[in-house]
Structures are given as C-alpha cells and as structure tokens.
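Contents: one structure, followed by commentary.
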Amino acid sequence: MARLRFPDGFHWGAATASYQIEGGWNEDGKGESIWDRFAHAPGNVKNGEHGDVACDTYHRFAEDVAIAKELGLTSYRFSIAWPRIQPSGRGVVNPKGLDFYRALVDALLDAGIRPFPTLYHWDLPQALEDAGGWPERDLAGRFADYAEGVTRALGDRVSDWMVFNEPNVFTACGYLMGIHAPGRRSLPDFLRAVHTVNRAHGLAFHAMKAVRGDLRIGTAFSFTDCQPACDNDADASAAGRWHRFVNEMFIGPTLRGAYPDVFREGGAPLEAMDVREGDLAEVRAALDFVGVNLYTRTLIEDAPEDANLGARPALPFGGNEGAKTDFGWEVWPEALYNVLVWLARDFDNPVLEITENGCSYGDGPDADGVVRDTRRIDFYRGYLEAVHRAIGDGADVRGYHAWSLLDNFEWAEGYEQRFGLVWVDPQTRDRTIKESGRWYAQVAAENGVDG
Ligand code: FCB
C-alpha cells in the first residue's frame with residue numbers, strides 16, 4: 001500500500017508538445033511554423049538541431065499511446081499544431097491535419113486515457129508572424145477562429161482542453177529576449193504581445209464554450225515561487241512585484257478582470273500594452289481549471305536602477321541550496337507546495353491540474369539496456385510529496401502530468417536535455433521505458449507514493 005494516497009479519480013498523466021515530438025514538419029499540407037523557421041536558421045538552437053523529425057510521433061503516435069497505456073496513465077497532455085490545421089493561420093481547415101489529431105484522440109480513448117490537448121504550445125503559423133505576430137492586435141481574433149474550428153471538429157470526443165501553454169514564457173522568450181521563436185528583442189513588442197495573448201485567450205475561451213457549453217477549459221500557466229534573495233524589506237517587496245509580473249500578468253486579467261500592480265509605484269504599463277476600452281471584459285474568463293506548470297523557485301532582489309519594475313532574479317533557475325538537475329535547475333519541491341496553496345487562497349480555491357513538472361537528467365541505457373535514472377525518481381517523489389501536502393491543506397488538485405513522456409526537442413537547447421520517462425534513441429528513435437517510468441507506473445497503479 002502506498003504511504004501517501006491521492007484522492008480517488010486523481011489523474012496520473014504525462015505531457016508533450018507538438019513541435020517537441022511530432023516531426024513531419026512539412027507533411028500532409030502542414031504550414032511552416034515560427035519554430036520551423038527559427039530552428040532552421042543557423043545559430044538559434046544548440047548544435048543546429050531542429051524538430052523536422054523529432055521523436056517522429058507524427059508516424060509513431062500509436063507506439064506512444066501504447067506506452068502511455070503500459071504505464072497505466074489516465075491522462076495524456078499533447079498539443080495541436082496550429083499550422084497543421086490552418087497552414088497559413090487563417091481560412092479553410094486542412095482535413096489531413098485534423099485527421100492526425102482525430103486518430104491520436106481515438107487511440108487514447110480506446111486505451112482508456114483522457115485526451116488533454118493544448119491549442120497553442122508555441123508553434124504559430126509563420127504567415128501570421130509575417131503579418132506582425134502576437135504584438136499585432138488582430139491575431140486575437142484569428143486565434144479564436146482557429147480555436148473554434150478545432151473545437152467543432154474534436155469537441156464531440158475531447159471534453160478537457162487547455163487554450164495556451166505558458167503565455168508568460170512564449171511572449172517573454174519570443175518577443176523580449178529573442179531566445180525562442182520568433183527571436184525578437186523588443187520591450188514594446190513584448191508588452192503588446194502580452195495583451196493580444198490575453199485577448200486571444202478570452203475570445204477563444206468564449207468561442208469554444210459557444211460550440212459546447214459543457215467543455216472544461218483551462219490554460220497551462222507557468223508559475224514559480226518568488227522568494228526574496230536576502231532577508232530585507234527591499235528584496236521582499238521586489239519579490240512581490242516580480243511575483244505579480246511573472247505569475248499574474250495572464251491569470252490576473254483572466255480571473256479577476258484586471259492587470260496586477262507590477263510597478264514600484266503601483267499600476268501596469270496599460271498604454272504600452274495597448275489596453276483599450278472594453279478589452280478587459282473580453283479577457284475575463286471563468287476557467288474550469290487552472291493548469292500549473294512548475295519546475296523550481298526564483299530568488300528575487302531589488303533592482304534600484306529600474307524605476308518601473310525594480311526587481312530581478314538574483315540567479316537563473318532557482319537558488320543554490322537544493323540539488324541541481326543536469327539542466328542546472330534547482331530541485332525545490334516546496335516551490336510547488338507554495339504555488340498550489342497560493343492559488344487555492346488567492347483565487348477562491350479553483351480546480352487545479354498540474355500540467356507540467358519534471359526534470360532533465362541525461363542517464364542513458366546501461367550495458368544491459370536499462371536506464372537507471374534514480375535521480376529522476378527522487379525528483380518526482382519529492383515533488384509528489386509536496387502535491388500531497390498541498391491537497392491535505394485544501395488545494396483542489398485533480399491531476400498530475402509529468403514533463404515529459406518522451407525525451408524530446410527542448411527548444412533552444414536541442415536534444416541534449418532529456419526530460420522523458422521514456423528514453424528515445426537519437427538515431428533510431430526507438431523508445432525504452434526508463435526506471436523512472438516503471439516507478440511512475442507503480443504510483444499510478446497505487447494512486448499514491450511510497451516513502
Ligand atoms: C516548459 C515548456 C515545455 C518544456 C519544459 C521543460 O517551459 O512548457 O515545453 O520545454 O519547460
């Protein structure tokens with residue numbers, strides 16, 4: 001018997017995303033995405049790698065579903081590539097693109113696994129970037145149109161949906177820092193993108209509900225636990241501002257109908273974001289659940305030279321007390337506990353789904369072919385204990401999705417960082433369940449974690 005039991009009906013799942021696993025980048029009428037363009041340009045991704053073939057899931061999805069079934073998963077989070085559905089981001093739907101996702105969904109349903117799709121995990125049709133991308137106000141309506149089309153096509157068999165994956169990450173990395181597609185570095189573009197994405201989110205949510213009122217719709221937000229770097233008032237208030245900036249710029253307007261106060265003096269850059277009369281009513285959406293992606297904490301220090309936000313992370317990817325994954329991210333389970341109880345407290349106890357949590361370790365097959373990734377097991381055990389504790393303290397968590405089912409294309413890092421419960425051979429792309437995968441299967445079978 002498991003020591004820590006989870007509530008009955010708790011979903012044990014794994015997560016993936018289209019560009020990171022599918023490959024088939026130009027097959028069956030798929031249009032070019034911003035990630036195709038970005039990864040094909042030299043210098044953007046480590047070792048010149050790209051997702052042209054990736055895990056070849058476009059051709060091998062039945063194997064992936066069989067593995068998920070073998071692991072006893074009850075939920076599978078994947079994403080739908082917009083340019084497979086609308087190759088140029090607008091107009092007629094490409095039937096072959098839809099066929100792929102219909103076949104995947106049907107295979108999952110046959111295997112007794114909940115299909116749990118995300119409509120946008122970063123692969124914008126390149127044609128829409130050419131027309132201005134997320135900073136362009138009109139993109140909100142285009143996105144709602146796509147969302148409605150997909151819901152009409154799959155809403156008869158998919159009941160639980162996520163609109164976006166990590167809106168704060170793709171706007172900041174893509175438009176402010178330029179380290180992800182489309183590789184732009186502009187504060188004004190970033191600020192406008194934030195507001196277009198929030199409007200797109202609200203419009204899509206309502207368009208989907210108009211197709212079927214009983215769908216359960218949420219979004220997978222990226223959260224981090226912001227803590228003051230030093231024990232003083234300046235860092236404590238900086239941590240508060242950074243928390244509102246990084247954690248609340250999307251969920252805030254969605255659930256509360258207002259942008260959070262991010263500036264030292266209060267307020268938010270509403271003019272620079274091009275927030276217009278009536279917009280916030282469009283953005284507001286009573287999500288059926290809040291998706292939580294979380295990896296580690298962030299230590300924040302006061303930044304006196306910055307008159308606006310006046311805060312910055314003291315270190316990248318966590319602090320310096322916990323162990324580090326091979327990606328250098330600090331292992332800090334308490335961050336997940338803190339974020340879950342914060343959401344329960346500040347947002348009126350919403351239904352929560354952990355939509356991503358996981359770790360990169362490079363362990364590969366030993367001479368006998370077994371992948372003994374015990375550090376990944378330790379990671380999951382620690383974070384699952386934190387989830388269990390948060391549930392005990394009142395957080396209404398209904399499911400957990402390990403990132404990721406498969407080793408896959410980790411954006412600008414290429415294939416070096418391996419997050420999978422399943423090893424993917426770089427040459428053959430053959431899949432081998434790691435020891436962590438076997439351990440996770442046991443957790444799912446017992447609906448709980450042993451000590
Ligand atoms: C998240 C992304 C996901 C994956 C993990 C490691 O930010 O949503 O696609 O890359 O990080």
Side-chain angles (χ1 to χ4, degrees), residues 13-23 33-35 38-39 44-46 49-51 54-55 57 76-82 116-124 162-177 179-181 197 218-225 246-247 249-251 290-298 313 316-318 324-332 335-336 339 353-362 373 375-376 379-380 383 400-422 424 436:
T16 60
S18 47
Y19 187 73
Q20 295 180 276
I21 64 164
E22 283 179 2
S33 80
I34 55 172
W35 268 96
F38 185 76
N44 286 332
V45 176
K46 259 193 196 159
E49 290 170 339
H50 48 67
C55 304
T57 286
Y76 178 65
R77 178 173 179 236
F78 61 98
S79 80
I80 296 176
W82 185 354
F116 195 28
T118 309
L119 284 173
Y120 185 84
H121 200 129
W122 307 358
D123 36 7
L124 183 71
M162 283 144 291
V163 179
F164 279 120
N165 179 68
E166 300 192 343
N168 59 346
V169 174
F170 78 79
T171 50
C173 292
Y175 290 92
L176 179 64
M177 299 189 285
I179 56 174
H180 282 180
V197 168
T219 263
F221 298 95
S222 162
F223 295 120
T224 179
D225 181 20
V246 78
N247 289 330
M249 283 297 272
F250 293 88
I251 195 174
V290 172
V292 177
N293 291 8
L294 183 139
Y295 290 87
T296 189
R297 63 175 170 164
T298 309
F317 310 120
K324 297 282 172 76
T325 68
D326 285 351
F327 207 167
W329 297 4
E330 189 192 25
V331 179
W332 203 258
L336 186 50
V339 161
E353 292 258 6
I354 293 163
T355 36
E356 279 182 33
N357 176 234
C359 48
S360 165
Y361 291 113
D373 56 338
R375 292 176 299 171
R376 182 172 281 103
F379 177 98
Y380 279 125
Y383 278 75
Y400 179 92
H401 298 78
W403 181 272
S404 178
L405 182 69
L406 305 171
D407 290 339
N408 61 44
F409 178 82
E410 178 49 32
W411 309 114
E413 301 295 321
Y415 294 94
E416 195 175 304
Q417 302 302 330
R418 290 175 173 270
F419 278 89
L421 296 169
V422 174
V424 178
S436 59

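Atom set for the values below is all heavy atoms of this structure, side chains included, hydrogens, waters and symmetry mates excluded. All ligand and atom numbering here is 1-based and tracks the order in the structure. Everything numeric here is computed off the predicted structure, so don't read it as measured data.
Put simply, OG1 on Thr16 and OH on Tyr76 are 3.0 Å apart, with the number rounded to the nearest 0.5 Å. Thr296 OG1 to Trp332 CH2: the interatomic distance, rounded to the nearest 0.5 Å, is 8.5 Å. The distance from atom CZ of Phe327 to atom CZ of Phe419, rounded to the nearest 0.5 Å, is 5.5 Å. Separating the CD1 atom in Ile80 from the OG atom in Ser18 is a distance of 9.0 Å, to the nearest 0.5 Å.
The existence of a salt bridge linking Lys46 and Glu413 is confirmed by a sub-4.0 Å separation between a basic side-chain nitrogen and an acidic carboxylate oxygen. Salt bridge Arg418/Asp326: absent, no basic N to carboxylate O contact under 4.0 Å.
In this structure, atom 10 (O) of ligand 1 lies nearest to the protein heavy atom Glu410 OE1, 2.7 Å. Protein heavy atom in closest approach to atom 5 (C) of ligand 1: Tyr295 OH, 3.3 Å. Closest protein heavy atom to atom 7 (O) of ligand 1: Glu166 OE1, 2.5 Å.
Judged by the shortest distance from any of its heavy atoms, Val169 lies outside the 4.0 Å radius around the atoms of ligand 1. Note on ligand 1: His121 sits in its first shell, one or more heavy atoms being nearer than 4.0 Å.
With a 4.5 Å cut-off on side-chain heavy atoms, Thr224 and Val246 count as touching.
Atoms of ligand 1 found under 4.0 Å from any heavy atom of Phe419, numbered from 1 in the order shown, are 6 (C). Interface atoms of ligand 1 facing Gln20, defined by a heavy-atom separation under 4.0 Å, are 3 (C), 4 (C), 9 (O), 10 (O). Short contacts between ligand 1 and Trp411, defined as distances under 4.0 Å to a heavy atom of the residue, involve ligand atoms 3 (C), 4 (C), 9 (O), 10 (O). Interface of Asn165 with ligand 1, defined as ligand atoms under 4.0 Å from a residue heavy atom, comprises 8 (O).
For ligand 1, the polar-atom distance check against Trp403 finds no nitrogen or oxygen pair separated by under 3.5 Å. Of the N or O atoms in Glu356, one or more lie within a sub-3.5 Å distance of an N or O in ligand 1.
In this structure, Trp411 and Trp35 have tilted ring planes: the angle between them lies in the 30° to 60° band.
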